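A, B, ... follow the sequence lines: proteins, then strands. Residue 1 opens every chain. Everything numeric here is computed off the predicted structure, so don't read it as measured data.
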Amino acid sequence: MTRLDLLFCRLTLAGMLAAAGIHSHAFVATIGAGTRTLYLQVGAGTVTGGTFSAGGTPGNNSTINSVSVNVPSAALGAGTQAMTTDSTVSASPYDNFAFCTVPAQVYVGGFYRTPGAAGNGTLSVTSPATLSNGLGDTLPFTSISWVSGGAGDATATIPSGTFTGATQTLYSVTRNNWFESCLAFNYANTALVPAGTFTGRVTYTLAAP
Amino acid sequence: MKHIVDRLVTAALLCIASLAALPTTAGAATFRVDDSGTRISAPLVPMRWRTLVPGRGSDNTAEGQAQVALRLNVLPWLNQRGRIYMTLAPAPSGDTIRATWRTQGRLLPGSVQSGGRTVIYEGALPSPTIEETIELTITADGRGLTSPQSLQFSFEIETP
């Protein structure tokens with residue numbers, strides 16, 4: 001091939017390459033990272049649009065439920081008294097499964113949603129050192145314990161335990177999984193105490209790394 | 001003069017032969033299609049959990065949507081028949097990404113997995129360009145989406 005031919009070929013080839021789109025480029029879609037979500041329900045909760053498994057959306061609920069027990073004077077110091085709750089949550093908000101027994105148990109559940117290989121979330125509870133009747137008399141919070149369960153759960157997710165009067169870790173929440181348990185509280189009732197209504201508030205916290 | 005014309009014709013044929021043997025990815029008659037006129041609606045496609053709440057069995061799919069105004073330059077194959085594929089390069093993270101699209105009828109709906117390709121058009125090419133806006137849905141395991149990543153889509157044509 002002559003020099004003329006080579007030049008022609010080069011020009012023609014370049015033109016045909018351009019026409020054929022050999023120099024085309026890919027279009028690019030940049031996708032973002034996933035989002036993080038945290039949800040904890042202790043007693044009453046809010047879900048709109050059906051159960052969570054049906055696509056419901058969790059919302060805020062400011063209700064603070066209570067557990068209580070009346071100890072007759074004849075039973076003072078005579079041993080464990082089961083407490084009851086004003087929570088009416090018996091069905092799992094996840095799928096409406098009949099999970100807890102009310103008024104004996106308080107529903108506790110939630111999830112920690114996160115992309116990547118982040119560590120697990122942590123469920124903890126903080127209790128004050130004492131319950132008080134407002135008259136200067138107190139009961140140690142360590143006198144209150146709970147038994148964890150839930151219909152169909154051979155082993156409770158949240159372990160049973162006793163308040164320590166401080167912050168204590170209850171459960172390591174595996175990311176991207178729903179967790180739930182039903183807690184039945186008991187008052188140890190091992191001592192004679194002055195008359196009155198003793199109250200104290202505990203706070204459950206779900207934290208994520 | 002005729003001698004020069006003959007040589008030019010010969011050269012042109014040689015060039016065509018060279019072009020035909022050039023860049024193919026899946027056989028001698030496969031070419032990249034110029035899609036440089038294609039535009040995507042969002043520079044960053046947000047990925048959201050398909051189910052906001054994880055199940056006990058865990059559905060961890062995250063998905064995002066975007067509109068893509070496709071413009072494929074098929075001038076080199078005008079009035080021929082061809083089969084056009086949409087390809088999705090392997091994701092930078094190595095995770096499996098799936099793209100599904102709906103069309104308005106000129107192109108074929110379908111889906112493609114990262115590292116693969118799927119037919120998006122098959123038939124005659126009577127126009128120099130194919131234009132259509134598609135609804136693109138991208139899905140991935142949300143647990144792997146730790147940072148933004150760019151997905152490379154491209155087009156290939158096979159001619160008989």
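Pairs of residues two or more places apart, or lying in two chains, that qualify as salt bridge (Lys or Arg N to Asp or Glu O under 4.0 Å) and include a residue from residues 73-83 of chain B are R83(B)-E122(B), R83(B)-E158(B). The salt bridge (Lys or Arg N to Asp or Glu O under 4.0 Å) contacts involving residues 65-80 of chain B comprise R71(B)-E131(B), where partners must be two or more places apart or lie in separate chains.
Between atom CG of residue N176(A) and atom CG of residue N60(B) there is a gap of 4.5 Å, rounded to the nearest 0.5 Å. Residue F27(A) holds its CZ atom at 9.0 Å from OG of S154(B), rounded to the nearest 0.5 Å.
Heavy atoms closer than 4.5 Å to chain B are found in both the backbone and the side chain of T35(A). Residue L70(B) touches chain A through its side chain alone, counting heavy-atom pairs closer than 4.5 Å.
Top candidate by heavy-atom pairs under 4.5 Å with chain A, chosen from R50(B), R48(B), Q149(B), is Q149(B).
Contact between P115(A) and T146(B) at its shortest, heavy atoms only, is C-CG2, 4.3 Å.
Chain A is approached within less than 4.5 Å, heavy atom to heavy atom, by I97(B) from residues 87-116 of chain B, ordered by number.
Contacts of Y187(A) classified as ring-ring contact (aromatic ring centres under 6.0 Å, His included), with partners at least two apart in sequence or in another chain: none.
For the side-chain contact (heavy atoms from CB on, under 4.5 Å) with T30(A), the qualifying choice from L44(B), I40(B), V45(B), L151(B) is L44(B), the only one to do so.
The neighbour count for N70(A) CG, taken as heavy atoms of other residues, nucleotides or ligands under 6.0 Å away, does not exceed 12.
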